[in-house]
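Heads up: the structure comes next, in structure tokens.
Lettering follows sequence order; numbering is per chain, from 1.
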Amino acid sequence: MTELETLRHSCAHVLANAILVLWPEAQFAAGPPTANGFYYDVDLSHRITPEDFKRLEKEMQKIIQAAQPFEREIISRQRALEMGRSGALAGLGPRPMPSVFKLDIIERIPANEEITLYRNGSFTDLCAGPHVADTSKIGAFQLTHVASAYYKGDEKNPQLQRIYGTAFATQEELEAYFNMLEEAKKRDHRKLGKELELFTFDEDVGPGLPMWLPKGTVLIEELEKLAKETEFQAGYQRVKTPHIAREQLYKTSGHLPYYAESMFPPMELQEESGGEKNIYYLKAMNCPHHHKLFGAVPRSYRDLPLRFAEYGTCYRYEQSGELMGLMRVRAMQMNDAHIYCTEEQFAHEFRAVNEMYLKYFKIFGIDRYQMRFSTHDPAKLGQKFVDHPQLWKKTEDMVRDVLVSSGINFVEVPNEAAFYGPKIDVQVWSAIGREFTLATNQVDFAVPRRFGLVYTTSENKKETPLCIHRAPLGTHERFIGFLIEHYAGAFPVWLAPEQVRVMPISDKVGNYAQRIVSELMASGVRASADLSSEKIGAKIRQAQLEKIPYMVVVGGREEAAGQLSLRSRQHGDEGVLLKNDFYQRLNDEIQKRS
RNA sequence: GCCGACGUAGCACAGUGGUAGUGCAGCUGAUUCGUAAUCAGCAGGUCAGGGGUUCGAAUCCCCUCGUCGGCUCCA
């Protein structure tokens with residue numbers, strides 16, 4: 001635990017202590033530090049609201065001012081259980097009710113580990129520590145919000161109130177943190193998406209179903225252009241598949257009934273011929289369709305690796321409480337592709353996919369990311385994971401080798417693999433500190449077999465291919481949500497919905513401004529003229545607020561000389577240059593995606 | 001889905017039982033201006049939707065929808 005975490009965890013104890021002063025019957029579960037502060041889970045019939053925070057903070061302040069030392073004591077398991085039964089754990093002394101959650105926690109402490117108590121004042125808690133020397137070392141704190149959480153995160157367990165707060169060594173740091181939060185709000189993609197007219201939601205369309213306004217659609221199309229170029233160069237072929245499929249497809253793939261609750265409810269239709277009932281599902285993933293494309297034509301080892309790419313639209317019935325702006329939606333377009341290959345080709349293909357990820361990260365300046373390598377748990381073969389121990393071993397070794405030999409920084413997470421094979425998820429952190437799984441790269445050695453996919457080997461035998469699922473740009477929705485926050489809405493020129501705004505000083509040069517716009521548009525640049533009767537300062541302000549990368553100011557002087565006055569979003573006035581010099585510089589910058 | 005909070009004009013907000021307001025954006029007119037806001041006028045709301053209490057509801061109560069903060073899950 002870092003020093004700050006120790007301080008925050010100590011503050012969580014002080015919070016529990018204060019809650020007990022106000023509500024002596026409160027029962028506590030866990031109270032750890034978090035990335036931004038701390039929380040304590042409490043079971044209490046009184047609903048704690050932000051109005052209660054003032055009273056709680058006052059009690060906490062008293063405890064902190066008293067500079068109560070934190071005392072550590074090692075106790076026997078026997079004694080711990082006794083204290084738990086007497087309600088003294090996370091308590092101010094014995095109580096009529098036992099400390100139920102603490103007793104449960106004691107049960108889970110391995111026999112060889114010592115059990116410790118921490119006391120400050122009259123408050124005693126079961127705790128592994130460590131803590132600050134005394135409560136006065138908690139320099140500055142504030143309770144922030146209250147939410148609910150299931151005990152141990154399991155919805156079968158009782159629901160607890162989770163009181164969140166944050167703490168720092170000094171008041172200045174606390175204030176800096178809240179200022180930072182204010183700044184973060186300004187780059188929230190939901191706020192910027194509205195301000196910049198990128199996308200919108202509508203109640204009549206449905207929750208989690210974003211609609212893209214023209215400016216947001218530009219972002220989508222630029223990303224697709226990038227993906228298509230990149231995938232073309234990497235030997236992918238594009239395919240197109242429908243948004244729905246019969247139930248049988250998902251029975252074959254194994255998604256039904258296992259995945260059914262994440263899918264929109266099926267459509268049932270009585271078809272005219274025969275009167276048979278047909279059930280259709282909206283697709284939640286593209287792989288089954290792609291597998292059918294693989295199987296549509298006899299395949300030879302000479303065809304492999306075969307790479308099918310599609311920006312496929314998928315629909316997932318995410319729980320209503322899970323929806324969050326563009327980051328978690330119910331309709332999404334995936335930068336999907338499936339690579340069918342032999343075992344010999346696997347390492348090479350997998351490496352190439354990873355290199356594609358890195359190439360993209362460089363373009364977008366994403367330097368804070370982590371690859372999470374998810375592997376299976378041998379104990380759960382046949383249940384959570386398909387029962388092919390040797391293939392698990394083989395593919396996991398192959399993936400690990402590729403990661404290690406490429407020098408990619410990764411963490412290995414057991415028991416997190418897909419049911420059909422190991423996978424790599426790419427975690428990124430948006431500029432405002434949110435963590436997301438942005439992209440995924442998965443090995444599948446099971447589903448192609450379920451579909452009976454085969455290719456003919458050089459020895460004229462039938463062999464099932466391995467399949468790599470990959471989506472380096474994730475989904476448009478999440479990726480663009482991320483990019484909005486990453487760039488704070490100030491997109492690089494190649495992505496910017498409007499790349500150049502031309503602003504005449506007065507009506508007299510309106511035609512010249514329009515001529516410049518025509519010339520820019522002729523070379524594919526997204527430009528417009530501001531022909532309003534505003535003064536130049538107002539036009540510039542407007543363009544700056546719209547975060548347009550280049551502003552071109554023209555007056556009589558520029559028109560006479562065939563020049564323009566350039567202003568950039570970041571650097572302000574860049575002086576006068578010839579029109580053609582600007583066009584060249586601009587097109588160069590757009591082409592390089594710099 | 002569960003717990004909690006919230007929902008007033010395109011946006012940001014005020015209004016807590018007595019006829020719905022401000023700023024910005026929009027529209028119209030005037031102004032023709034040199035690097036982040038020219039002036040004036042006009043228009044815009046079944047106060048999320050439905051039901052109830054009341055002489056009277058944006059305001060109090062109930063239900064529904066949606067959003068936000070979490071829990072779980074995931075691209």
Candidate nucleotides B:G70, B:A75, B:C33, ranked by approach to the side chain of A:Gln159 - the nearest: B:G70
Check: B:C73 base within 3.5 Å donor-acceptor of A:Arg316 side chain: no
Sugar-phosphate, base or nothing in reach of A:Ile540, heavy atoms under 4.0 Å: base
Nearest-Å distance for atom pair CD/P, residues A:Glu546 and B:A36: 16 Å
Touch class at under 4.0 angstrom, heavy-atom based, for A:Ala543 against every strand present: nothing
Per A:Ala147 side chain, nearest of listed nucleotides B:U35, B:A36, B:G70: B:G70
Distance, C1' atom - from B:G44 to B:C27, rounded to whole angstrom: 10 Å
Separation of the P atoms in B:U64 and B:C3, to the nearest angstrom: 11 Å
Candidate nucleotides B:U32, B:C2, B:U35, ranked by approach to the side chain of A:Ser506 - the nearest: B:U32
Interatomic distance where CZ belongs to A:Arg372 and P belongs to B:C73 [whole Å]: 11 Å
Rounded distance (Å) that lies between atom P of B:C24 and atom CD of A:Glu195: 17 Å
Any N/O donor-acceptor pair, A:Gln161 side-chain to B:G70 base, under 3.5 Å: no
Identified pairing partner of B:G56, criterion: Watson-Crick or G-U wobble below 3.5 Å: none
Base paired to B:C39 (Watson-Crick or G-U; both N/O distances under 3.5 angstrom): B:G29
Touch class at under 4.0 angstrom, heavy-atom based, for A:Gly325 against every strand present: sugar-phosphate
Value in whole Å for how far the C1' atom of B:C39 lies from NZ of A:Lys535: 10 Å
A:Arg190 side chain, from C-beta outward: closest of B:G34, B:C68, B:U38: B:C68
Polar side-chain contact A:Glu197-B:C11 base: donor and acceptor under 3.5 Å: no
Selection from B:A36, B:C11, B:U35 that lies nearest to any side-chain heavy atom of A:Lys194: B:C11
Short N-O contact, A:Glu195 and A:Lys547, less than 4.0 angstrom: no
Sugar-phosphate, base or nothing in reach of A:Glu534, heavy atoms under 4.0 Å: base
Euclidean distance, atom CE of residue A:Met263 to atom P of B:C73 [Å, nearest integer]: 20 Å
Upstream residue (5' side of RNA chain B) when A:Leu323 and A:Leu438 are each assigned their closest nucleotide: A:Leu323
Nucleotide nearest A:Ser533 when distance is taken to its side chain, options B:C73, B:G70, B:C33: B:C33
Assigned partner base of B:U22, Watson-Crick or wobble definition, under 3.5 Å: B:A12
Rounded distance (Å) that lies between atom C1' of B:G1 and atom CZ of A:Arg330: 10 Å
Touch class at under 4.0 angstrom, heavy-atom based, for A:Arg162 against every strand present: sugar-phosphate
Distance in angstrom units between A:Ile480 CD1 and B:A75 P, rounded: 18 Å
B:A57 and B:G18, which share atom name C1', separated by this distance in whole Å: 10 Å
Rounded C1' spacing from B:G45 to B:G1 in Å: 35 Å
Side-chain donor/acceptor of A:Thr440 to backbone N/O of A:Ala471, under 3.5 Å: no
Strand partner of B:C73, provided both Watson-Crick or wobble distances fall under 3.5 Å: none
Side-chain donor/acceptor of A:Ser148 to base of B:G4, under 3.5 Å: no
Ring centres under 6.0 angstrom apart (A:Tyr164, A:His145): yes
A:Leu44 CG - B:G4 P separation (whole Å): 13 Å
A:Glu477 backbone acceptor or donor facing A:Gln333 side chain under 3.5 Å: no
Identified side chain to side chain contact (heavy atoms under 4.5 Å, CB included) counterpart of A:His289 within the set A:Lys240, A:His338, A:Lys283, A:Glu310: A:Lys283
Any A:Lys508 side-chain nitrogen or oxygen under 4.0 Å from OP1 or OP2 of B:C33: yes
Sugar-phosphate only, base, or nothing, as touched by A:Ala471 at under 4.0 Å among non-hydrogen atoms: nothing
Sugar-phosphate, base or nothing in reach of A:Gly537, heavy atoms under 4.0 Å: sugar-phosphate
More than 12 heavy atoms of other groups within 6.0 Å of A:Asn511 CG: no
Heavy-atom donor-acceptor pair, A:Arg470 side chain to A:Asn354 backbone, under 3.5 Å: no
Among B:A75, B:G70, B:G34, the one nearest A:Thr440 by side-chain distance: B:A75
Touch class at under 4.0 angstrom, heavy-atom based, for A:Tyr39 against every strand present: nothing
Mutual orientation of the aromatic rings belonging to A:Tyr315 and A:His243 [parallel < 30°, tilted 30-60°, perpendicular > 60°]: tilted
Between B:G49 and B:A20 - P atom distance, rounded Å: 15 Å
Proximal nucleotide (of B:C74, B:U35, B:G34) relative to the A:Arg478 side chain: B:C74
Nearest-neighbour nucleotide for the A:Val329 side chain, B:G1, B:A75, B:G70 considered: B:A75
Any-strand Watson-Crick or G-U partner of B:A5, both distances under 3.5 Å: B:U67
Rounded distance in Å between the P positions of B:U53 and B:C61: 15 Å
Residue met sooner reading RNA chain B from 5', once A:Tyr317 and A:Asp507 are mapped to nucleotides: A:Tyr317
B:U46: pairing nucleotide in any strand, Watson-Crick or G-U under 3.5 angstrom: none
Between B:A36 and B:U72 - P atom distance, rounded Å: 49 Å
Phosphate OP1/OP2 of B:A75: any A:Gln442 side-chain N/O under 4.0 Å: yes
B:G50 to B:A37 separation - C1' atoms, rounded to the nearest Å: 43 Å
Closest non-hydrogen atom pair, A:Pro210 against A:Ala331: CD-O, 4.2 Å
Under 4.0 angstrom between A:Arg541 side-chain N/O and B:U35 OP1 or OP2: no
Sugar-phosphate, base or nothing in reach of A:Met332, heavy atoms under 4.0 Å: base
Side-chain donor/acceptor of A:Arg8 to backbone N/O of A:Ala167, under 3.5 Å: yes
Nucleotide nearest A:Leu545 (side chain, heavy atoms from C-beta), chosen from B:G34, B:A36, B:C2: B:A36
